[in-house]
Asks: 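One structure, as structure tokens, below. Some questions next.
We count residues from 1, following the sequence as given. Whatever order the structure lists them in is the order used to number ligands and atoms, beginning at 1. For clarity, every value in this text was computed on a predicted model and none was experimentally measured.
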Amino acid sequence: MDAIRIRGGATLKGHVRISGSKNAALPILCATLLSDGESRLRNVPALRDIDTTAALLRFLGRGVDVRAPEVVVTAGSNVRPEAPYELVKQMRASVMVLGPLVARFGRAKVSLPGGCAIGARPIDQHLKGLEAMGCTIRLERGYVIAEGPGGGGRLKGAEVYFDMPTVTGTENIMMAAALAKGRSTLLNCAREPEVEELGRILNKMGAEVDGAGTDVIHITGSERGELAPFDHAIIADRIEAGTYMVAGAMTEGGDVTLEGAVLEDLEALVAKMRLAGVEVASEGQNVRVRRNGPLRAVNVTTGPHPGFPTDMQAQFMVLMCLAKGESVISETIFENRFMHVPELQRMGASIALRGNTAVVQGVDRLYGASVMATDLRASASLVIAGLVAEDETELQRVYHIDRGYEHIEQKLRGLGANVERVKGADA
Ligand code: EPZ
């Protein structure tokens, strides 16, 4: 397994292009199951999760040609509506084939995703939504077996209330409703920009989706029982953008321009960075981040969009490690998302954990060390810490970071960082 070696101390300066959004691409690739035509997705990042989704669609019988930044999905042979554990265990988001498969083919057998490093992450809301649309759901030997009404008939429009604004839950049910008979009303939906983007795609494919991006979504399913293919370029990845914004602000004198980033998608993060003393401004199609003074400690509580994104919690914590004073960071979305803390403590950070809250006492510096990645965003935080730490940091298990960051070493080197990937270093 590869490792990433970082020699800290460089002040990041320059331009970095923000890739397409991983969390927008994944549901949209699943939505291709709703059509038999040739769909083309552009601005797709070259990531392991994209390859896993492509492998799953091929297993289901689709033709998939991945040539980042383009992915073309074609009908291929007969669809076998079954998603095996071997594929689903690699990426929980695979569960988003469930809605499209049962809506399109009347039945589906999809492995339960199982536990995850950051939390239990059940899918009860996904199943509840499908049941409301007339599905029978059985759980058998680690699999969800879903069948349309009357032994495989078409789903019917329904009202679905989510107990919490679940992102992939909302997306799964949106895709199912796009082929259901009649009108569906989804309540307490996730409002993330990626959900809004899926709404755009489903409208392009011929469904009638109204309100994506708000907490109430109305969907009238296509009468044809199949949707049209699409050709679409996806939005920029706001979490990748946020990660480079924090990296750029880690050192005084940092001045980084993020090409293609959308400030509106990151309002909560930007507000907190400005409170911390970082300058963040739109410049045409770009966002510019500059730091010219000391960092101030700021408290943060994660929440559903437009709240502070949980996917930026770990990275922002590193910024607070070098701030003047004490900051309190509360994680309200996932019950186990502080796995980066013991690794940061090994680098000299002063952090005390109390339940779902981390109390960070700013320190003058961090020290290079060998650290272990545990999940995607935790690994990004350790890379950022390595950028400012004294001497060398070696990050192990980088396969986590390859799931969600395209060409991270090259992009950081482009900003002046001293970063390299060491093949097979992490035996
Ligand atoms: C999406 O995960 C993202 N993944 C995650 O990004 C992100 O952290 C998360 O939303 C929150 O923003 C993708 O979009 C592919 P949720 P998702 O359902 O949909 C509970 C990354 O780093 N819940 O919104 O799985 C759940 O346990 C990844 O890119 C239920 O209880 O998250 C959690 O506590 C990590 N039952 C909360 O809701 C359900 O049926 C929010 O989870 C569904 C969710």
Asks: Enumerate the salt bridge (Lys or Arg N to Asp or Glu O under 4.0 Å) contacts for residues 106-119, please, sequence neighbours excluded, ordered by first and then second residue.
Replies: none
Asks: Heavy-atom cut-off of under 4.0 Å around ligand 1: list whichever protein residues fall inside it, by chain and number.
Replies: K22, N23, A93, R121, P122, I123, D124, Q125, H126, M164, P165, T166, V167, T168, T310, D311, I333, F334, R337, L376, R377
Asks: Using modelled atom types and a 3.5 Å cut-off, is there a donor and acceptor pairing between side-chain atoms of N188 and backbone atoms of F162?
Replies: yes
Asks: Under 6.0 Å from the ring centre and within 45 degrees of the ring axis: does the NZ or CZ of R40 meet both conditions for the six-membered ring of F230?
Replies: no
Asks: With the threshold set at 4.0 Å, does a side-chain nitrogen-carboxylate oxygen contact exist between D311 and R238?
Replies: no
Asks: Scan the side chains in residues 296-303 for donor-acceptor partners under 3.5 Å anywhere in the protein, sequence neighbours excluded, and list what turns up.
Replies:
| unit_1 | atom_1 | unit_2 | atom_2 | d |
| --- | --- | --- | --- | --- |
| R296 | NE | L275 | O | 2.9 |
| R296 | NH2 | L275 | O | 3.1 |
| N299 | OD1 | V328 | N | 2.7 |
| T302 | OG1 | E331 | OE2 | 3.2 |
| T302 | OG1 | T332 | N | 2.9 |

Asks: Salt bridge (Lys or Arg N to Asp or Glu O under 4.0 Å): which pairs involve residues 156-184, sequence neighbours left out?
Replies: K128-D163
